[in-house]
Amino acid sequence: MEMEKVVSLEIWNDRSYINPVLSFLDTLASQTGADIFRYNRLRFILCGILRTRIENSYPGDRGMLYVEFYRSQTEFEISIRDKGVPGWQDFSYDLEQIAHDETALRNYILDQCVDGIGIEKLGKEGQRIYVRQRIRKTIEFKEPEPYQPMEVLDENISIRPVETEQDAIEAIRCIYSEYGYSYSYENLYYVDSFLRAVKERQFLSFLAVNDHGQTAGHFALSFSELFKDMPEISSVVIRKEFRGLKLFSKFVDHCVKIAKEQCFRALMGQPVAYHTASQKVVIAAGFTATSLLMSYIASDLESEYNKGERLDLCASVLIMDGDATSAVYPPEELIPFIRKVYDRLGWEYEIREERHPAQQTQIKIADNSVLRMTRIILDEAGEDLTQLLKDTVRDVIHKKNEMIELMISLSSPSCAYGYKAARECGFAVSGVIPGGGNGDYLLMQLLPGEKFDYGRLVLFGEFEELRDDIIRWR
């Protein structure tokens with residue numbers, strides 16, 4: 001969910017600012033509906049981080065720090081940003097070490113006090129450390145009824161957008177019938193947050209219903225900051241009684257229609273890597289196979305398709321904007337692979353040969369505890385990147401996350417240096433994600449201590465060829 005910046009405070013690196021800043025943030029936090037007891041724990045952590053950065057960011061000099069407050073409907077974030085001396089703090093820990101390791105114990109306490117903590121390298125903008133906490137409000141939650149088989153009264157299916165409370169309840173029941181409570185976007189289980197997300201265009205939600213009003217399925221177009229103007233076809237559920245009616249094909253066609261009407265730049269589809277029927281549908285609709293998201297979904301997802309292993313996805317893209325263009329700086333050895341994918345996309349692109357490291361690395365790192373993965377977004381690759389990636393891999397292992405996803409901007413001349421550093425740290429190519437308004441990305445992944453199992457993939461057509469190409473370049 002996108003965060004909105006509420007306020008930014010500019011302070012000098014002087015400890016006398018600590019108490020006024022905290023008092024100001026106390027007032028803001030109380031207005032968000034934050035649980036006071038939980039906020040006080042976060043405040044304790046924030047005070048220590050703020051003091052540390054004030055004392056260490058500009059040693060022997062005068063400098064500016066920025067304390068920024070963000071919020072969404074479900075959580076708030078407080079960050080401390082500065083352009084002083086970089087500091088890379090390790091927030092990971094190993095449970096087996098906390099009894100006799102002071103750093104591990106400290107980080108365990110940090111993890112218990114907040115819902116999220118991390119650090120981002122912002123290049124010329126310096127760095128920022130953030131802490132996050134969920135807003136716990138009383139939210140009406142209409143628990144779905146247990147799945148009950150229904151007698152299908154007719155098979156004349158139409159699609160309509162989710163607009164009312166009853167629509168949201170039907171969508172929630174549909175999602176629950178397939179995933180139980182394990183779906184990764186927990187806000188979709190709450191009626192008011194579901195409708196709020198639709199109103200704020202975090203996603204467009206649709207129901208498939210027959211003439212008797214029976215719900216046959218649900219799907220959505222989900223938006224993200226990473227892939228601007230390229231929503232993803234997501235939250236697809238078809239009730240068991242309505243399978244075999246080619247509803248997924250109907251869903252995809254409807255998404256393409258909406259994309260044309262609303263002038264999206266592109267669409268993304270991610271069929272699972274064992275269900276060739278859904279892969280055939282997206283290819284038939286004009287999508288291009290672009291990457292394999294290996295071991296992407298956590299093994300404990302409550303789904304009839306899950307066999308106790310992490311699930312693989314097939315990423316595909318359909319360019320909707322006929323005037324869309326792209327200029328990319330791929331590593332030299334990947335140019336044949338990039339050309340093959342981009343030629344299939346059928347759009348204007350230019351491969352540029354300029355390659356040089358950036359003056360400073362610009363990197364963002366975020367953990368997803370539900371999917372037990374870490375995502376790294378690399379906008380600029382500097383000479384310090386190799387060590388940063390090694391530190392991140394070490395942290396991920398300590399946190400016991402199971403997969404690391406690295407998105408390297410293909411729109412930067414430093415892409416080749418990011419690729420080289422990633423290879424040195426054990427990352428392997430998984431494909432590309434083109435078409436987003438923010439630019440194109442080279443996708444690399446790492447399974448700490450394991451190798452990707454390509455033998456379990458069941459693929460069709462372009463996705464099969466893509467797998468062979470990826471294996472060739474790994």
Side-chain angles (χ1 to χ4, degrees), residues 219 221-224 226-234 236 248-249 251-260 263-294 296 312-330 334-351 405 407-411 415 429-445 454 457-474:
F219 65 100
L221 281 171
S222 300
F223 301 88
S224 72
L226 181 58
F227 306 118
K228 280 186 179 296
D229 208 23
M230 183 172 69
E232 172 196 343
I233 302 172
S234 65
V236 177
F248 182 62
S249 180
F251 292 173
V252 172
D253 289 345
H254 192 79
C255 289
V256 173
K257 174 186 173 185
I258 295 296
K260 290 178 179 177
C263 300
F264 295 144
R265 192 171 194 267
L267 277 179
M268 184 189 299
Q270 295 185 0
V272 289
Y274 54 79
H275 197 264
T276 55
S278 58
Q279 297 168 31
K280 290 177 182 178
V281 168
V282 295
I283 296 299
F287 285 73
T288 295
T290 64
S291 58
L292 297 177
L293 306 179
M294 301 295 295
Y296 205 81
D312 314 293
L313 302 178
C314 302
S316 58
V317 171
L318 174 62
I319 302 299
M320 303 300 303
D321 181 358
D323 297 324
T325 61
S326 185
V328 294
Y329 300 82
L334 293 184
I335 289 179
F337 172 68
I338 298 292
R339 284 196 184 279
K340 185 173 183 179
V341 173
Y342 279 46
D343 286 343
R344 281 177 168 169
L345 283 166
W347 68 340
E348 292 265 338
Y349 71 92
E350 177 187 358
I351 290 181
E405 176 187 67
M407 310 287 291
I408 304 176
S409 174
L410 275 164
S411 306
C415 175
V429 172
S430 289
V432 293
I433 304 291
N438 290 354
D440 301 356
Y441 288 93
L442 173 65
L443 173 62
M444 302 184 73
Q445 292 180 276
Y454 291 98
L457 301 181
V458 182
L459 304 174
F460 163 80
E462 277 189 22
F463 291 111
E464 246 186 327
E465 294 181 38
L466 179 67
R467 176 195 57 197
D468 295 340
D469 290 337
I470 287 174
I471 292 175
R472 187 177 302 120
W473 295 110
R474 290 187 75 86

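- The closest donor-acceptor contact from the side chain of S430 to the backbone of S291 lies at 3.5 Å or more, if one exists at all.
- The two atoms that bring C255 and L267 nearest to each other are O-CD1, 3.7 Å, heavy atoms only.
- Aromatic ring pairs are classed by plane angle as parallel below 30°, tilted from 30° to 60° and perpendicular above 60°; the pair Y342 and W347 is tilted.
- Across all non-hydrogen atoms, the minimal contact from R265 to A324 is NH2-CB, 3.9 Å.
- The aromatic ring centroids of F264 and F223 lie less than 6.0 Å from each other.
- Under the side-chain contact (heavy atoms from CB on, under 4.5 Å) rule, V432 has a single partner from V328, D440, V317, I338, which is I338.
- Around the CD atom of E348, the shell of radius 6.0 Å holds no more than 12 heavy atoms that belong to other residues, nucleotides or ligands.
- The only member of T290, L457, V458, I283 that meets side-chain contact (heavy atoms from CB on, under 4.5 Å) when paired with F463 is I283.
- When all heavy atoms are compared, the tightest approach of M268 to M230 is CE-CE, 3.4 Å.
- The two residues F460 and Q279 make their nearest non-hydrogen contact at N-OE1, 2.8 Å.
- The shortest heavy-atom contact between I433 and A315 is CD1-CB, 4.0 Å.
- Minimum heavy-atom separation, Q270 to L313: OE1-CD1, 3.4 Å.
- Here NZ of K340 is found 13.5 Å from CG of L334. Values are rounded to the nearest 0.5 Å.
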